[in-house]
Protein chains: 2
Amino acid sequence: MGNQEPDTALRDGAGLPAHERVYRRLRTMVLFGELEPGQAVTIQGLTNQLGVGMTPVREALRRLIAEGALAFQDNRRICVPVLDAAAVEQLGLARAALEPELARRAATRATADDIARLRATDARLDRAIARGDVAGYLTQNHRFHAELNAIAEAPILTDMVDGLWLRFGPSLRVVCGLFGTRNLPDRHKDLLAALDARDSAAAAEAMHQDVSQGMAQIRAGLE
Amino acid sequence: MGNQEPDTALRDGAGLPAHERVYRRLRTMVLFGELEPGQAVTIQGLTNQLGVGMTPVREALRRLIAEGALAFQDNRRICVPVLDAAAVEQLGLARAALEPELARRAATRATADDIARLRATDARLDRAIARGDVAGYLTQNHRFHAELNAIAEAPILTDMVDGLWLRFGPSLRVVCGLFGTRNLPDRHKDLLAALDARDSAAAAEAMHQDVSQGMAQIRAGLE
DNA sequence: CCGGAAATAATTTGATCATATTCTGTCCGC
DNA sequence: GCGGACAGAATATGATCAAATTATTTCCGG
């Protein structure tokens with residue numbers, strides 16, 4: 001059979017280099033659990049699937065591996081990492097150390113517009129949970145935290161946190177697939193109240209709770 | 001002129017893929033300040049200098065950029081990042097959040113052999129300082145922290161911290177070049193005492209001091 | 001004669017390179 | 001000062017080589 005059209009998912013992002021498009025595509029796939037933990041990823045498979053040469057694919061993979069989103073197998077195969085209890089613990093520690101600091105900063109900088117935007121995202125998040133829409137939950141939850149981190153204006157910390165989300169994304173998806181959208185932690189209401197009040201300490205505390213509960217959920221879901 | 005022999009610094013690591021060798025070489029160059037902040041790095045320059053094709057060089061650069069060791073210029077040129085005050089502040093926050101935790105864990109796991117090895121490294125560090133040997137100071141100081149982090153057995157946290165060191169390496173070298181090895185902070189004695197006593201809290205506190213003083217030094221050195 | 005382990009052949013996949021194409025910034029002539 | 005040609009550098013492709021996994025065959029013991 002001939003090669004089908006080069007994957008509609010790359011239609012946007014025209015003008016960007018091919019390796020950047022491949023990177024973004026794979027990144028969202030990992031972040032939202034479209035690839036499951038342990039799944040193998042081959043270079044040639046991606047070149048066929050995405051309709052680009054191997055050099056851009058290679059670079060995108062190298063970048064994702066450096067960020068921990070993908071991992072080398074014992075041999076030289078590439079796959080989505082499988083988290084063990086120790087990994088989840090370390091990711092939780094790192095998140096608990098960094099994300100409250102971002103929330104603290106956001107509380108001192110958030111404008112009324114910023115908070116309104118966050119509240120709108122949180123409303124979409126609640127609707128997705130009520131609907132039992134796992135993909136919607138993952139998307140909107142990430143969006144909420146990403147918008148909050150952007151307000152903090154700390155690009156280095158934000159990049160580090162993004163890397164952490166990338167690492168537990170596939171596992172979070174698995175856990176949500178098991179338990180649905182019930183029992184999902186959500187300290188966003190406390191957080192929004194703290195932002196309204198410009199209360200840095202309360203914002204940091206709310207974020208700490210949100211992170212702790214979220215990681216506990218993942219740990220529990222992996223038995 | 002013809003191309004000279006393919007760089008003696010790549011002689012070791014035989015058997016590893018070329019992109020891995022290029023990555024390690026560039027990584028140590030950045031980590032120990034052999035490249036100064038703002039310096040441009042070209043792909044073709046590296047292919048000539050290291051005697052490899054451009055694909056391995058491309059992958060190594062992509063990886064280093066993902067780790068923050070190198071950065072894109074406005075156009076698509078690559079250079080060593082120049083840190084501003086905000087960047088140093090965020091790096092300091094992240095280090096202060098993560099490295100004390102690693103010290104805490106190391107205190108609960110360190111064997112007598114581990115501590116002896118650390119003490120030997122610290123002795124070499126002191127000799128380098130007394131000698132005014134900047135390169136030796138940078139090497140042994142990094143080695144001390146790397147050995148300590150290895151004891152903590154937390155690979156994810158250790159990787160994150162390694163990435164942070166990569167970011168401020170070039171600037172630390174500049175500061176040391178300005179001020180020599182005088183006034184360099186060193187809470188390593190407190191740290192070793194805490195390890196001897198298996199005192200996690202004291203180890204974390206000593207590391208927090210070491211990090212804070214080190215980052216303050218860098219911030220001061222950049223005016 | 002049958003089943004399974006070891007050895008070997010075939011396919012798949014990763015690594016590297018040489019080359020072509022595109023883009024950016026610069027320099028010269030008008 | 002402006003526009004177009006030129007040079008340099010990065011991006012992207014396909015071909016080629018090496019390593020590894022899988023499939024197949026062979027051979028031996030029961």
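Reminder, nothing fancy here: chain letters follow the sequence lines and each chain counts from 1.
- Not one N or O on the side chain of R27(A) forms a donor-acceptor pair closer than 3.5 Å with the backbone of L64(A).
- Rounded to an integer number of Å, the gap from I43(A) CD1 to dC17(D) P is 19 Å.
- Atom CG of N48(A) is separated from atom P of dG14(D) by 11 Å (rounded to the nearest Å).
- Between the side chains of T121(B) and R124(B), at least one donor N or O lies within less than 3.5 Å of an accepting N or O.
- Within 4.0 Å of V57(B), counting heavy atoms only, lies no atom of the nucleic acid at all.
- Set against dA15(D), dT11(D), dA10(D), the side chain of M54(A) has dA15(D) as its closest nucleotide.
- At a threshold of 4.5 Å between non-hydrogen side-chain atoms, the residues V57(B) and V52(B) count as touching.
- Straight-line distance from the CD atom of E20(A) to the C1' atom of dA12(D): 15 Å, rounded to whole Å.
- The listed nucleotides are dA15(D), dT21(D), dT11(D); the one nearest the side chain of R62(B) is dT11(D).
- Using a cutoff of 4.0 Å between basic side-chain nitrogens and carboxylate oxygens, R117(B) and D114(B) are scored as salt-bridged.
- For the pair L102(B)/M207(B), no side-chain contact is recorded, criterion being any heavy-atom separation below 4.5 Å from C-beta on.
- In 5' to 3' order, the nucleotides of DNA chain C bounding all contacts with chain A (an atom under 4.0 Å from a heavy atom) are dT13(C) to dT16(C).
- Remark: C1' of dA10(D) and CD of Q73(B) are 14 Å apart, rounded to the nearest angstrom.
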**Request:** Would you sort out whether E59(B) and R63(B) count as a salt bridge (Lys or Arg N to Asp or Glu O under 4.0 Å), showing the intermediate values?
**Result:** CA-CA 6 Å; E59(B) 292 183 47; R63(B) 198 168 156 190; over 6 Å; no

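- Between T55(B) and V41(B), the residue anchored nearer the 5' end of DNA chain D, judged by the nucleotide with its closest heavy atom, is V41(B).
- Rounded to a whole Å, the CZ atom of R76(A) is 6 Å from the P atom of dA20(D).
- Position along DNA chain D of the nearest nucleotide to R77(A) versus Q44(A) favours Q44(A) as the more 5'-ward residue.
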